[in-house]
Amino acid sequence: MKIGFIGLGNMGGPMAANLARDHAVTGFDPVAQPTGLTLAASAAMAAQDADVVITMLPDGNILRAVAAELHPAMKPGAIHLDCSTVDVDSARAVAAQATAHGLHAIDAPVSGGIGGATNGTLTFMAGGPLPAFEAVAPLFAIMGQKAVHCGAAGNGQAAKICNNMILGVTMIATCEAFALADKLGLDRQAMFDVVSTSSGASWSMTSYCPAPGIGPVSPADNGYQPGFAAELMLKDLRLSQQAAEAAAADTPLGHAATALYAEFVETEDGRGKDFSAMLPRFETRQRP
Ligand code: NAD
């Protein structure tokens, strides 16, 4: 396949590099200029001959602007595969615009982070027409280990923000429980041994334990270097609340988690730390 790849940052760079081993990839990014890829002078030039154009961009506004440039330049019947994490409304607007240009659109945000992008082990959650999803499935297989079709346009983004809202809430709950256990004199290893095999278990405890030296190796064992940075968790939680607002859904814990990560990142010292660094934050605090 001929592939255009727009947005060659922390995630897009390694994803494009993995695809370039098997496919003809032409990339574009105004800032990042990775070696080993054919680079074009504009997004439109990277897209014009492509069967599939992949975008991996920071947010919905940038995606909308790039899509407005890309879609008129793409050949009829080509597929726009957006892997960025953006708001559901932007994903659906971009898909509608693609259809109006005789193109197909798939929104397929990822989980797995920079390690997953580099190692080709991402998980994709995709929305859009099934035939287009099936057409890009071989590309998912190169960039990742799993791709789930979640339904119509925007449903990939919906799945991503619902998952990450659960993750933000369970990480906070796990961290505050560890900090409470400390103050009650409960040994952290004992706490892990009980909770990881009891009804309080979650991925945050069993696979990404926020306490250093406990459970599997995680960013807590590396001074809370990300991993998954607190500011990226805040971005996803804000997208969940934007969607909840638009859909009139009541999400009190998602709302509280968003407020807590906003405080951590914007008024405390959370920026640049892994999102599990909520544990040292709680350790040092007293009950208000
Ligand atoms: P990044 O900032 O490293 O990369 C984004 C790239 O987009 C940059 O290189 C930037 O120059 C480029 N860009 C900006 N405007 C552009 C334009 N108009 N045209 C072309 N390129 C443009 O960000 P990232 O970490 O690679 O994340 C990309 C997306 O993946 C985001 O939506 C993010 O939420 C999502 N994501 C990131 C992670 C992670 O761990 N980093 C994990 C899952 C999902």
Side-chain angles (χ1 to χ4, degrees), residues 4-19 25-35 37 39-47 50 53-71 73-74 80-91 94 107-126 140 143-147 154 156-157 159-165 167-168 208 218-219 224-240 242-243 261 265 271-276:
F5 205 118
I6 318 299
L8 302 167
N10 289 322
M11 297 291 290
M15 289 162 72
N18 286 336
L19 290 171
V25 180
T26 303
F28 172 73
D29 190 301
V31 179
Q33 307 280 296
T35 52
L37 270 190
L39 296 176
S42 70
M45 287 170 83
V53 177
I54 303 176
T55 44
M56 194 53 168
L57 298 165
D59 62 40
N61 288 335
I62 294 175
L63 171 66
R64 286 176 190 248
V66 169
E69 182 190 345
L70 284 179
H71 291 174
M74 287 169 65
H80 177 187
L81 171 58
D82 177 49
C83 297
S84 326
T85 302
V86 303
D87 56 288
V88 175
D89 286 348
S90 291
V94 164
D107 56 289
V110 305
S111 115
I114 297 166
T118 305
N119 298 326
T121 55
L122 295 168
T123 295
F124 293 85
M125 39 223 109
F140 290 142
M143 296 185 286
Q145 60 183 354
K146 189 173 180 187
Q157 299 296 346
K160 165 92 186 178
I161 56 171
C162 287
N163 181 74
N164 280 19
M165 188 173 80
L167 177 61
Y208 206 92
S218 70
Y224 296 99
Q225 295 294 309
F228 184 44
E231 56 267 32
L232 289 178
M233 174 50 82
L234 176 59
K235 172 190 170 181
D236 292 357
L237 284 168
R238 283 192 164 138
L239 290 175
S240 77
Q242 192 180 335
Y261 273 104
V265 168
R271 185 175 295 279
K273 291 186 179 164
D274 189 73
F275 82 118
S276 61

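Read the numbers this way: they start at 1 and go in the same order the structure lists the ligands and their atoms.
Residue-ligand proximity, V66 to ligand 1, at heavy-atom distances under 4.0 Å covers atoms 17 (C), 18 (N), 19 (N). Each of the following atoms of ligand 1 lies closer than 4.0 Å to a heavy atom of G113: 40 (O), 42 (C). Near G9, meaning under 4.0 Å from any of its heavy atoms, are these atoms of ligand 1: 3 (O), 4 (O), 6 (C), 9 (O), 26 (O). Applying the 4.0 Å criterion to heavy atoms of L232 picks out, from ligand 1, the atoms 39 (C), 40 (O), 41 (N). Interface atoms of ligand 1 facing I6, defined by a heavy-atom separation under 4.0 Å, are 20 (C). Within ligand 1, the atoms closer than 4.0 Å to a non-hydrogen atom of V31 are 11 (O), numbered from 1 in the order shown.
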Distance-only check: which donor-acceptor pairs under 3.5 Å involve side-chain atoms of residues 60-69, not counting sequence neighbours?
unit_1: R64; atom_1: NE; unit_2: S90; atom_2: OG; d: 2.8
unit_1: R64; atom_1: NH2; unit_2: S90; atom_2: OG; d: 3.3
unit_1: E69; atom_1: OE2; unit_2: A44; atom_2: N; d: 3.4

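Counting only non-hydrogen atoms, the option in E69, K235, M11 that gets closest to atom 33 (C) of ligand 1 is K235. Among P58, G112, C83, the residue whose heavy atom sits closest to atom 14 (C) of ligand 1 is P58. Counting heavy atoms only, D29 comes closest to atom 11 (O) of ligand 1 of the residues V110, V86, D29, I62.
M56 and V110 make their closest contact through CE-CG2, 4.0 Å (heavy atoms, listed as atom of the first residue, atom of the second, distance). Here the shortest heavy-atom pairing between M74 and A47 reads CG-CB, 3.9 Å.
Note: an N/O pair closer than 3.5 Å links T85 and ligand 1 by distance alone. By the 3.5 Å distance cut-off applied to N or O atoms, L57 is counted among the residues near ligand 1. Between N10 and ligand 1, at least one pair of N/O atoms sits closer than 3.5 Å.
In terms of the ring pair (Phe, Tyr, Trp, His ring centres under 6.0 Å) criterion, residue partners of Y208 (sequence neighbours excluded) are, by chain and number, W203, F275.
Closest to atom 30 (O) of ligand 1, if we only count protein heavy atoms, is M56 CE, 3.2 Å. Protein heavy atom nearest atom 21 (N) of ligand 1, with residue, atom name and distance: P30 CD, 3.1 Å.
Within a 4.0 Å radius of atom 23 (O) of ligand 1, the protein has no heavy atom. For atom 2 (O) of ligand 1, no protein heavy-atom neighbour is found at a distance under 4.0 Å.
By the 4.0 Å heavy-atom criterion, A43 is excluded from the residues contacting ligand 1.
At a 4.0 Å heavy-atom cut-off, ligand 1 does not touch Q33 at all.
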